[in-house]
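Values below: all heavy atoms of this structure, side chains included; hydrogens, waters and symmetry mates excluded.
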Amino acid sequence: GDGNFASGITAEHTFQEEGNYIVTLTVDDGDGGVSSISSPVTVVAPNCDLVLYYKTPDNNMASAMDNQVRPHFLLANEGGNSVSLQDVTIRYWYTREGMVAQNAWVDYAVVGSENVTTDFVELTTPASGVDHYLEVGFTEGAGAIAPGDESGEIQARFAKVEWSNYDETDDYSYQMDYASFTPWEKVTVYCGGLLAWGEEPEGAGGGTTSTSDPSSTNMASRLDIWPNPASNLATISYLLPSSGFTDLSVVDPMGRVVIT
């Protein structure tokens with residue numbers, strides 16, 4: 001890599017500059033077994049200049065305490081390059097209140113609701129105002145945002161499967177006063193896996209993903225990545241249902257395997 005190293009059960013290293021590096025992972029089982037693997041890694045800065053505009057119809061106390069959360073988004077491209085929405089994700093940070101599975105919908109999107117995806121991520125290290133985030137992504141069909149243009153409105157909505165209430169008033173990303181679109185840095189945006197807009201909640205960490213279909217969640221094992229997406233460092237940890245060996249692969253946003 002850059003000549004530095006880290007060690008321990010979990011190891012972290014932050015690259016200070018962009019560039020191409022070779023990262024080597026060495027595992028010692030403490031009983032004489034040692035194995036190493038190396039892989040190239042490219043460190044890049046965010047390559048898009050997006051601004052997230054947020055509003056919500058939950059702009060009174062009654063709707064902030066009901067059984068649905070309704071964040072609406074709009075992305076504006078203030079840079080000089082076209083931005084493919086397929087490379088963009090949005091995170092809305094909140095507290096779930098309870099242990100019930102959730103469903104999400106996109107009620108309307110200028111780019112087409114069918115071109116917008118949603119996932120729920122539960123944080124392994126909750127923080128003030130957040131124990132989950134809703135991640136909104138886009139398919140290839142969503143197209144791109146030209147310089148100086150915007151995505152159009154995206155109306156997301158989510159609820160628990162048994163329709164119990166939320167308390168949005170303590171949620172990190174919620175702002176009752178925003179009944180019309182306003183730039184809002186507590187909803188974060190990622191471009192090519194890198195933070196491009198906003199401020200992540202301090203102290204929050206880890207995450208396990210589930211879709212709107214609770215039956216799709218695999219409860220037999222657990223994989224945590226933090227931060228995710230990452231700009232130059234990510235910690236990967238996993239829990240197996242029993243002792244043994246497993247295979248781990250890392251792929252880039254294009255689906256290409258970079259580490260196995």
**OP:** Sequence neighbours left out, what passes salt bridge (Lys or Arg N to Asp or Glu O under 4.0 Å) with Asp167? Give chain and number order.
**Re:**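 Residues passing salt bridge (Lys or Arg N to Asp or Glu O under 4.0 Å) with Asp167: none at all.
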
Flag side-chain contact, heavy atom, 4.5 Å: [X] against [Y]:
X      : Y      : answer
Asp149 : Asn77  : no
Val83  : Cys191 : yes
Trp197 : Tyr190 : no
Val136 : Thr89  : no

**OP:** Give a yes or no on whether Glu162 atom CD has more than 12 heavy-atom contacts from other residues, nucleotides or ligands under 6.0 Å away.
**Re:**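 Enclosed.
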
Original post:
Within a radius of less than 6.0 Å around CE of Met176, do more than 12 heavy atoms belonging to other residues, nucleotides or ligands occur?
Top reply: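 Counting neighbours around CE of Met176, more than 12 heavy atoms of other residues, nucleotides or ligands fall under 6.0 Å, so yes.
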
Reported [atom1]-to-[atom2] distance for the pair [X] and [Y], which is rounded to 0.5 angstrom:
X      : Y      : atom1 : atom2 : value
Tyr54  : Phe73  : OH    : CZ    : 7.5 Å
Trp93  : Leu134 : CH2   : CG    : 11.5 Å
Gln68  : Glu168 : CD    : CD    : 10.0 Å
Arg157 : Thr118 : CZ    : OG1   : 11.0 Å

Subject >> Asp66 side chain to Ser63 side chain, donor-acceptor N/O pair below 3.5 angstrom >> reply: no

Looking at [Y], is its backbone amide N or carbonyl O close enough to the side chain of [X] to form a donor-acceptor pair, meaning the two atoms are under 3.5 Å apart?
X      : Y     : answer
Thr95  : Glu97 : no
Thr56  : Arg70 : yes
Tyr174 : Val69 : no

Original post:
Looking at Leu85 and Ala142, what are the two nearest heavy atoms and their distance?
Top reply: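 Leu85 and Ala142 have their closest heavy atoms at CD1-O, 3.7 Å.
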
Original post:
For the residue pair Ser151 and Ile145, what are the closest heavy atoms and their distance?
Top reply: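 In terms of heavy atoms, the two residues are closest at CB-CD1, 3.9 Å.
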
Original post:
Does Lys186 count as lying over the ring of Tyr172, i.e. NZ or CZ under 6.0 Å from the six-ring centre, within 45 degrees of the axis?
Top reply: yes

Original post:
Does the pair Asp171 and Val130 meet the rule for a side-chain contact (heavy atoms from CB on, under 4.5 Å), with working shown?
Top reply: CA-CA 6 Å; Asp171 290 350; Val130 55; over 6 Å; no

Original post:
In terms of hydrophobic clusters joined by side-chain contacts under 4.5 Å, are Val27 and Val34 together?
Top reply: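 Each belongs to a different hydrophobic cluster.
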
**OP:** Start with the C-alpha gap between Tyr53 and Trp184, add the side-chain angles, then the distance that decides, and say whether side-chain contact (heavy atoms from CB on, under 4.5 Å) holds.
**Re:** CA-CA 6 Å; Tyr53 289 79; Trp184 185 229; over 6 Å; no

Original post:
Of all residues at least two apart in sequence or in a different chain, which pass the ring pair (Phe, Tyr, Trp, His ring centres under 6.0 Å) check with Tyr166?
Top reply: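 In terms of ring pair (Phe, Tyr, Trp, His ring centres under 6.0 Å), with neighbours along the sequence ignored, Tyr166 is linked to Phe158.
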
**OP:** Please test Glu122 against Arg96 for side-chain contact (heavy atoms from CB on, under 4.5 Å), starting from the C-alpha separation and ending with a verdict.
**Re:** CA-CA 9 Å; Glu122 180 177 2; Arg96 179 175 58 176; 4.0 Å; yes

Original post:
Other hydrophobic cluster members with Val110, side-chain heavy atoms of Ile/Leu/Val/Met/Phe/Trp/Tyr under 4.5 Å, chained?
Top reply: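 When side chains under 4.5 Å apart are linked, the cluster holding Val110 also contains Tyr108.
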
Original post:
Could you walk me through whether Phe138 and Ile154 pass the side-chain contact (heavy atoms from CB on, under 4.5 Å) check?
Top reply: CA-CA 11 Å; Phe138 303 90; Ile154 302 156; 3.6 Å; yes

